Every structure is written in structure tokens, then in C-alpha cells.
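Written out below as C-alpha cells is the structure these notes cover.
So you know, we letter chains A, B, ... as the sequences are listed, proteins then strands, and number each from 1. All values derive from a computational prediction rather than experimental measurement.
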Protein chains: 2
Amino acid sequence: MTAAQGEGQLKYQRIADALKAAIASGEYGPGDRLPGENELMVTYQVARMTARQALGVLRSEGIAEARKGAGVFVRTFQLRRRRGIQRLARDRWAAGHSVWDADLEAGHELVVDSLTVREEAVSDRHTQTLGLSPGSRAVVRTRRFVVNEKPVLLAVSHLPASLAAGTAIAEEDSGPGGIYARLAELGHGPARFREEIRCRMPTTAEARQLRLSSGTPVVLICRTAYTAEGRAVEVNEMTLDASSYILEYDFNA
Amino acid sequence: MTAAQGEGQLKYQRIADALKAAIASGEYGPGDRLPGENELMVTYQVARMTARQALGVLRSEGIAEARKGAGVFVRTFQLRRRRGIQRLARDRWAAGHSVWDADLEAGHELVVDSLTVREEAVSDRHTQTLGLSPGSRAVVRTRRFVVNEKPVLLAVSHLPASLAAGTAIAEEDSGPGGIYARLAELGHGPARFREEIRCRMPTTAEARQLRLSSGTPVVLICRTAYTAEGRAVEVNEMTLDASSYILEYDFNA
DNA sequence: CAGTGGTCTAGACCACAAG
DNA sequence: TTGTGGTCTAGACCACTGG
């Protein structure tokens, strides 16, 4: 016998299933160390690459994560709730609260880790949504948010330079209530939002920036802010660690 | 030399990057066949497992998909837009329209593939959200939706048996406007909804039911319907092929 | 230091798909 | 029938982690 298990069960799949069952039964809890490659080789009498492939199943399903030199561990999840609609209520930012305060949770504060503001030519993808002419410029605010040192979210916000350049929006500290409060002061306060949500596996760059362990997808939220007149004044593209977030939308029938 | 690339670049990573670059440059378009394991072995002078690992990177990122006996191909995506809020407007189901009609797109119709209705003891997870006492029963409607033969969505809906048993809700065909119209006729029409969205890699069962290629996450939407009095009358748990969907939420500031 | 996972090689047989 | 990817073996050196 080499391949072809006859039993209709692949070796690595059998091992993976056994490990999953042991986790489901509580034999291994979050953070616990699983049997390593060497141990699986002995107990199941398989080659290294087979034991490895079994553990690979758990990793690619996001159930386990490997730490080099240490072992393979059951992953721990700490979900963060993001209230999609309440967080953007006019009352909030008009009163000087940050939109991000809605994500506050005791002991797990959301903190800006890095922030850059620059002005650049608007990308093709945004010219249409922002209703700009090609070649015009945009103010771009890039931020990374961390919780307990762990990065969980990247946000890149685009605004027409014709609106934002020279205002507090183009400053690192955009002031109380953030850019929405500033836009309102300029007579372009957002009245309506659209959030588009997609989900996929991360690029290697995203995995690095968010320090994602393999088997963790990213959630992409693209939010467009519109004035009451229907003009798009901001496009905010966010990239979230999917294992850190649960998104919530409340609305009426 | 065996491992340890000196160059700071792993072999498989170098190959994977080259393939990604070729795809990004348009050299390989959606549906095109990529160089296979054998070809990579020759052009990069590596062992089979190394070429394989390189292709594994693209697969796990959802960029490519392998077809046994045929080759490795650049994946094609066909996104479907799901309007989270408009689809549930009372006007719609009160007028006899199905909630799912909102997902209509020319030539890519959403069709129910399989449907079962059963009554069972309510699961622990739902007793609280539905405000039921432990041990009480629920009507459970399970459906699978396909687009052009391809399954894209699983939906499992739970309703208190005390409300739904013996009504059209417990029938396979719940009638015009669906279960929300029926609930309204019973004096428990939904007035408010909450959708919770999570994203993760699929279980093997989910991957099989949705025929997911590896590197494709699933989106979990858990929708709870509340009456005007605040009573939860339905919990609907949906599992979506993430590569088939873009979720949209429109709302006011 | 011993043990871990990460990478790599050089073979092998199999099931499947396409020409 | 030929070539493909899927699985498997039995070795190897490396970087990293932990005690």
C-alpha cells in the first residue's frame, strides 16, 4: 500500500477527523497544544508529510495554528462586535464622538496603531463612485487599528481633495466627531451610507499587516458616504481580520 | 543546498509570486490553465513537492483551483449582490413577493434546490434568542439555493412551534410572501430585523454541500426577526459561498 | 540543548480527464 | 494512452522555542 486507502478513508483525513473530534469533545480546549508531527507519526504509523498534511487540514480550516519551534495549538477566538448602523448615527459624530467608539469593549480597547494622511491622484476604481473626473486628486487617510497589540483592522479613506484639502480632514487629528463632523461643517455632512461586504482569503501583504494565522479570511467593507443631495463624499475601504469580528446590522421591515 | 534559501526568498514562495505576477499582468486570465507541477519542476529545477507547494499557495488564497487529471486553473468569480435591507422591506413580502426575489439577476436565477420542513426540539443556542423555555419545540425549514446548478447558499430557519405548527409555515410551500406574510396574518408580523455576519473557513460538510473549492471562505448570516413588541419570531441561519456574494447595506446617518 | 515546525528532495502508486 | 493532480514514503537540513 502506498496511496489508495481502500477503506474510502484517506490517512491524513482520518487523522484530521480524529483530532477534530478530540477538540469537539473537549479533550483539547482553546490554546491547548495538539499532538505534533512526531507524535502523530508514531501513533498512526505514517510518514512525516502525512502527519503534516493532517495538521494542515486543521490549520487551513482555522481550527489550529502552528507556532514554529513550539507546537500546534487549538486557536482561541475573541470576537468583537461591530454595530454597522448605530455607529454611524448622526447623533454620535455630531456630538463629537468618534465613530470607532462604538466598538469599545471593556479591556479590549480599539486603538489606532499607525496613521498617515496624503494627497494623491484618485484611483480609477474611485473616480466613478466619487463622481470625480479622471486625474483629479484625493485626500487619503490610512489607519491601522489594534486591540491588545494585535492588529485587527486596516482602513483607507478617500475624499475628494476639492472638499478636504486644507481642512482638518487633511490633518492627522481630524478633531472631535472625526471627518464626518468636519464634512458637516463644510456643508457636506453625510446623510446616507452604503456598506458593501465581501470576504476572501488575504493576500500575503494583508496577512502580514494583520498578522493573520493561516486559515483566517479577511472581511472587506467598502463604505460610501452620501450627502442628502446624493453626492458621494467619502469612500472608506476597510480590511478586517475575520476571526476578530462579528458584524451587526439592525433595521426595520 | 536543501532548505534555507540564503536569498531570504523561499523557493516555493518565489514560484508562487511569479505565478501571481503573471496572473496580475494578464498573462493568465480567469479560467486559463496555469503551468502544472511537472512544468514547474523543470522550469524552476525543484522537486515535485516544492512545485506543489507553490501551487498550494495560490489555491489557499483562492486565486487558483486544481482539477484532478486536468490541471490548475485561474479561478473565475461571479459575484451576486444581496441587498440586506431593501429585500426585507415590509412592502415586499406584504405584496406577496418572496424575500429571495431581491436577488434576481438576469440569466442567473436563484433557485431552491432542496427543501425540508421538520419539527424538532429547539437547540440550546436558540432557546435564548427565541425566548423559549428549554425543551420546547421549533419548526425548522432547511433550504439550499443554487445558481446555474451551482449551490451558493444554505438557509436554516427556526420558528417557535407554538406559533408555526399547523400553519402554512410548516408546509413546504409557505405561500405568497413567504413565512413573513404568514406571521403577519397570525398577528406576529416582523417589524425589525437583526443580521449578524461572521466569516470563516468552511467545515468539510459545508465545503461539500456548497461545492467550494479550497481557499473559499463561507459567510454566516444569522438573522433574527422581531415583532413590533420585541418578540423574536424567527432565527434564520444562512451559510453563503463567500466567492459568490457581495452583501450590501444601505442606511441613513 | 532537545524538540518543534518549515522547507526540500527523489522517488512511488493511484484516480481521473482529455485527446 | 498519456498526462494530470492527489496521496504517500523516508530520508534531510534549517530556524526557532522552550526548559
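Across the protein-nucleic acid pair, B/Leu10 atom CG and C/dT9 atom P stand 11 Å apart, rounded to whole Å. Note: CD (B/Glu37) to P (D/dG6) measures 6 Å, nearest angstrom. Distance CG (B/Leu40) to P (D/dG3): 17 Å, rounded to an integer number of Å. For A/Arg33 and C/dG3, the CZ to C1' distance is 9 Å, given to the nearest whole Å. For the pair B/Met41 CE and D/dG3 C1', the computed distance is 13 Å after rounding to whole Å. In this structure, A/Leu55 atom CG and C/dG5 atom P are separated by 7 Å, rounded to whole Å. A straight line from NZ of B/Lys68 to P of D/dT7 spans 7 Å, rounded to a whole angstrom. Look at CD1 on A/Ile15: it is 12 Å from C1' on D/dT7, rounded to the nearest Å.
Residue A/Asn38 places none of its side-chain N or O atoms closer than 4.0 Å to OP1 or OP2 of C/dG3. Between B/Arg52 and D/dG6 there is a side-chain polar atom (N or O) within less than 4.0 angstrom of OP1 or OP2. Taking side-chain N and O atoms only, A/Arg59 has a distance below 4.0 Å to OP1 or OP2 of C/dG6. Contact annotation: A/Thr50 reaches the phosphate of D/dT9 (side-chain N/O to OP1 or OP2, under 4.0 Å). Checking the phosphate oxygens (OP1, OP2) of D/dC8, no side-chain nitrogen or oxygen of A/Tyr12 falls inside 4.0 Å.
You'll find the side chain of B/Leu110 reaches within 4.5 Å of the side chain of B/Val152, heavy atoms only.
Heavy atoms from other residues, nucleotides or ligands lying under 6.0 Å from CZ of B/Arg75 number more than 12. Heavy atoms from other residues, nucleotides or ligands lying under 6.0 Å from CZ of B/Arg14 number 12 at most.
There is a side-chain donor-acceptor pair under 3.5 Å between B/Thr142 and B/Arg118.
With D/dC8, D/dG5, C/dT7 as the candidates, the nucleotide lying closest to the side chain of B/Gln53 is C/dT7. Listed candidates were D/dT7, C/dC8, D/dG6. Nearest to the side chain of B/Ala66 is D/dG6. Across D/dT9, C/dG5, C/dT9, the shortest atom-to-atom separation from the side chain of A/Ala47 is found for D/dT9. Checking D/dT7, D/dC16, D/dC8 against every side-chain atom of B/Arg48, the shortest atom distance belongs to D/dT7.
No donor-acceptor pair under 3.5 Å is formed between the side chain of A/Gln128 and the backbone N or O of A/Arg125.
Comparing A/Met49 and A/Gly69 by the nucleotide of DNA chain C whose heavy atom lies nearest to each, the residue mapping closer to the 5' end is A/Gly69.
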